[in-house]
Structures are given as structure tokens and as C-alpha cells.
Engineer: 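Quick one: the structure is below, questions incoming.
These figures come from a predicted structure and were not determined experimentally. The chain is numbered in sequence order, starting from 1. All ligand and atom numbering here is 1-based and tracks the order in the structure.
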Amino acid sequence: MTSLKGKVAIITGASSGIGEAAAKRFAAAGARLVLAARRPAELERVANDLGGDIAILPGDVRDEAYAEALVALAIERFGGLDIAFNNAGSVGTAAPLTDLSAEDWSATLTTNLTAAFFGAKHQATAMVARGGGSILFSSSFVGAANGIPGMGAYAAAKSGLLGLVRTLAVELGPQGVRANALVIGGTDTPASAARQPDADPGVQAWMEQLHALKRIAEPDEIAEMALFLASDAASFVTGAAIAVDGGASITKM
Ligand code: NAP
């Protein structure tokens with residue numbers, strides 16, 4: 001089994017979905033965790049489910065001071081930082097680009113891309129001081145591999161993460177810090193299209209047929225790849241965009 005014994009990890013978006021699944025996997029692998037998201041009650045629920053020595057800090061990833069505070073908490077509580085899974089994100093306003101306001105464009109970019117930069121900036125400094133580390137991001141098949149009408153800002157943000165990891169990889173590689181993106185396919189979480197209150201009844205089947213496996217993922221299937229990339233088992237993997245997308249990115253004939 002992949003081990004994170006002795007490692008300290010920050011997971012953002014840990015109150016739900018993929019981040020919650022990653023918290024369970026990382027804890028089971030022996031990591032000490034700092035969990036991040038806005039909703040305190042949900043973070044407490046996840047921490048209570050896990051048991052053990054889990055730190056939680058509610059806040060908003062759009063705020064650079066929050067990124068700094070999460071790293072400070074990891075150092076104060078557990079002595080340093082080895083792993084960060086910058087996973088928090090949301091689709092934002094869905095609209096054709098010709099109808100999208102500047103405010104909605106900026107909001108989606110801030111949540112899904114600028115927040116990742118804030119995280120990496122502060123996490124990297126702590127990891128360099130520690131002698132190495134692993135930084136991960138939740139990118140998406142939307143944008144990184146596929147175009148879906150109405151999701152232009154989200155697509156731009158999620159494909160922007162791929163440029164971010166390549167740059168982080170070359171800037172931080174000499175100091176032993178790796179940076180990678182998970183290019184995630186449709187996953188059954190509260191964010192998935194079919195779970196929205198106004199969802200079209202056909203959206204689940206439409207999502208499923210986009211994937212070669214003709215289904216969407218369980219959050220745990222994404223968390224398993226995050227665990228691998230976070231761990232020393234992936235010691236020669238950096239600057240990569242790893243598809244965990246059930247074949248959604250394959251051009252189908
Ligand atoms: P989810 O269940 O809705 O989880 C999103 C998480 O992000 C929640 O914990 C949420 O917590 C947190 N979050 C959102 N905005 C935040 C903010 N401003 N500050 C702090 N935390 C914030 O969705 P998910 O599917 O697990 O999504 C996780 C990541 O995977 C996202 O980046 C998403 O874009 C990506 N992804 C998802 C899919 C999919 O099909 N589900 C596909 C590709 C990529 P709070 O609400 O408590 O703040």
C-alpha cells in the first residue's frame with residue numbers, strides 16, 4: 001500500500017467530494033492533515049469521521065492570507081509541510097463566452113486558478129525549507145482536454161493550471177519539489193452536473209457517454225491517483241498533467 005507515513009499534507013476543498021475522499025485516503029496512508037474549505041461544520045464532520053490528529057482551518061482559497069495561514073498551521077501543529085493538494089474549485093457561472101460578464105469571468109478564474117497560485121506560492125516556500133515536497137492541483141477534462149459549450153471561464157482556469165505546474169516543476173525541481181495536475185473526468189460529487197437542482201434529466205447519460213468507460217468516476221478513484229502523486233512512489237513524476245478521466249480525452253471515431 002502507498003504510504004504517506006510521517007508526511008504532512010494540506011488538502012483544500014476537503015469538505016466534500018474529491019477532497020473529502022483524498023482526506024480519507026491520505027489519513028489511511030499515515031499522513032497528518034490540515035483540511036481546508038469554507039464550511040466549518042462540514043470540515044468538522046470530515047475530521048470527526050477520520051479521527052486522529054487532524055487540523056482544520058475554515059477559510060476562502062481566494063484570499064492569499066488564507067493560503068499563508070494554512071501553511072503556518074501545518075508548520076506550527078505538525079512541524080512542516082510535505083504535500084499540498086490544491087483541489088478546491090467550482091464551475092462558476094455557465095454561459096456562452098459572448099454573454100459572460102467580466103465579473104463572472106474573473107470570479108471563476110480567481111477560484112480555480114489564482115487561488116492555486118496563492119496556495120503553491122506559500123506551500124513551495126515551506127517545502128523548500130523541508131528539502132522537498134509534492135504539490136497537486138485538480139484540473140479538469142473540461143478545458144485541459146475537451147471543450148464544452150458554456151464553460152469557457154472554467155476551461156481557461158483549469159487548462160491554466162497545466163501551465164502553472166510546468167513552471168512550478170522547473171522552478172522548484174532543483175530543490176526537490178514536484179508539481180503535477182490531475183486532469184479529472186466527470187466524477188460523482190455534489191458539483192457534478194446531474195446533482196444540480198435544475199439538472200436536465202438527460203445530463204447524467206450525456207456525461208457518461210463522454211467517457212470511454214461509459215460512466216463517471218467515484219471520488220475515491222480520483223483520490224487514489226492523488227495519493228500516488230503525493231507519495232514517494234511518484235518520485236520521478238513532475239510537471240505532468242495526468243489524465244484520470246475514464247478516457248474522456250480520447251477522440252472517439
Ligand atoms: P465539490 O464536492 O463541490 O467540492 C468542492 C470543494 O471545494 C468543496 O470542499 C468546497 O468547500 C471547496 N471550495 C469551493 N470554493 C472554495 C473557496 N472559494 N474557498 C475554499 N474552498 C472552496 O466538488 P468536487 O467535484 O469534489 O471538486 C473538486 C475539484 O475537482 C474542483 O476543483 C473541481 O473543479 C474539480 N473537478 C471536478 C469534476 C467533477 O466532475 N466532479 C471534474 C473535473 C474536475 P466549501 O463549499 O465548504 O468551501
Engineer: CE of Met225 to CD1 of Ile242: how many Å apart, nearest 0.5 Å?
Structural biologist: 6.0 Å

Engineer: Who's touching ligand 1 if we go heavy atoms under 4.0 Å?
Structural biologist: Gly13, Ala14, Ser15, Ser16, Gly17, Ile18, Ala37, Arg38, Arg39, Gly59, Asp60, Val61, Arg62, Asn87, Ala88, Gly89, Ser138, Ser139, Ser140, Tyr154, Lys158, Ile184, Gly185, Gly186, Thr187, Thr189, Pro190, Ala191

Engineer: Check whether Asn112 reaches the backbone of Ser90 with its side chain - one donor and one acceptor, N or O, closer than 3.5 Å.
Structural biologist: yes

Engineer: Minimum heavy-atom separation for Thr93 and Thr108, please, with both atom names.
Structural biologist: N-OG1, 4.1 Å

Engineer: What is the distance from atom CG of Leu35 to atom CD1 of Ile54, rounded to the nearest 0.5 Å?
Structural biologist: 5.5 Å

Engineer: Quick one: pull up CD1 in Ile10 and CG in Leu81 and give me the separation to the nearest 0.5 Å.
Structural biologist: 4.5 Å

Engineer: Which residues pass the side-chain hydrogen bond (donor to acceptor under 3.5 Å, both in side chains) test with Thr189, not counting sequence neighbours?
Structural biologist: none

